[in-house]
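Okay, handing you the structure first.
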Amino acid sequence: MDRVASDLHEHPEREAAEEYVKEHKLQELFVNATAAMMNEQPDNPKKFLVEYLKNLKQARDSASAECCPNVFNEQNIVSMYDTLDVTGRGYITVRQYTAAMSNLGISQFNTQPVGYNKDAIKRDIFVTEAKSGLVSASATYAAYNA
């Protein structure tokens with residue numbers, strides 16, 4: 001038995017705490033909130049955090065992708081795409097697409113978007129996939145069971 005497994009076995013309260021953090025996506029919540037705060041650099045960080053949490057609650061309650069708070073907006077996504085398509089070919093490679101998703105902090109995304117077979121991902125596809133991935137990545141709350 002490795003050391004980590006042994007530590008968890010010997011400390012069930014730690015295991016329960018880690019499960020709680022995982023179940024409620026608390027690490028993601030704090031990472032996303034901190035990133036948003038660093039991006040905005042508000043004069044009143046506490047007020048910003050309260051508004052951020054209100055927006056998350058609104059997103060959860062409405063189940064609307066439009067109100068999920070993200071560090072990156074559509075213009076940021078388009079700018080990233082344009083940076084990757086330096087020569088203006090009108091597409092980026094799958095490798096560039098995958099790296100861009102990672103750079104945006106998106107770990108779960110469509111790995112075979114339209115254009116995958118031709119190794120040519122167009123801007124509109126990239127933007128759509130990135131926005132979808134950001135919504136998923138920012139969903140740091142558990143939906144209520146009705």
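Note that the structure is predicted; figures quoted are calculated from it, not measured.
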- request: Specify the closest pair of heavy atoms between Pro113 and Ile121, including all atoms of both residues, with the distance to one decimal.
  value: CG-CD1, 3.6 Å
message: Suppose we screen for ring pair (Phe, Tyr, Trp, His ring centres under 6.0 Å). Which residues come up paired with Phe109, at least two apart in sequence or across chains?
response: Tyr97
message: Restricting to non-hydrogen atoms, name the atom on Ala33 and the atom on Leu49 that form the minimum distance, rounded to 0.1 Å.
response: CB-CD1, 3.9 Å
message: Treating Thr128 as the side-chain partner and Asp124 as the backbone partner, does any N or O pair qualify as donor plus acceptor under 3.5 Å?
response: yes
task: Examine Tyr52 and Met38 and state if one hydrophobic cluster contains both, with Ile, Leu, Val, Met, Phe, Trp and Tyr joined whenever side-chain heavy atoms are less than 4.5 Å apart.
output: yes
query: Please, which pairs that meet salt bridge (charged side-chain N to carboxylate O under 4.0 Å, His left out) have at least one residue in residues 37-47, sequence neighbours excluded?
result: none
field: Heavy-atom pair with the smallest gap, counting every atom of Leu84 and Gln96
entry: O-NE2, 3.2 Å
message: Give me the atom names and distance for the closest heavy-atom approach of Leu104 to Ala130.
response: CD1-CB, 3.9 Å
- prompt: If you measure from the Lys or Arg side-chain nitrogens to the Asp or Glu carboxylate oxygens, is any gap between Asp119 and Arg95 under 4.0 Å?
  reply: no
task: With rounding to the nearest 0.5 Å, note down the distance linking OG1 in Thr98 to CD1 in Ile92.
output: 8.5 Å
field: Side-chain ion pair, Lys22 and Glu19, N-O less than 4.0 Å
entry: no
query: Roughly how far, to the nearest 0.5 Å, is the CG atom of Asn110 from the CE atom of Met101?
result: 8.5 Å
Tyr91 six-ring face occupied by Arg89 cation (under 6.0 Å, within 45°): yes
- line: Smallest heavy-atom separation, Tyr20 atom then Leu26 atom, equals CE2-CD1, 3.7 Å
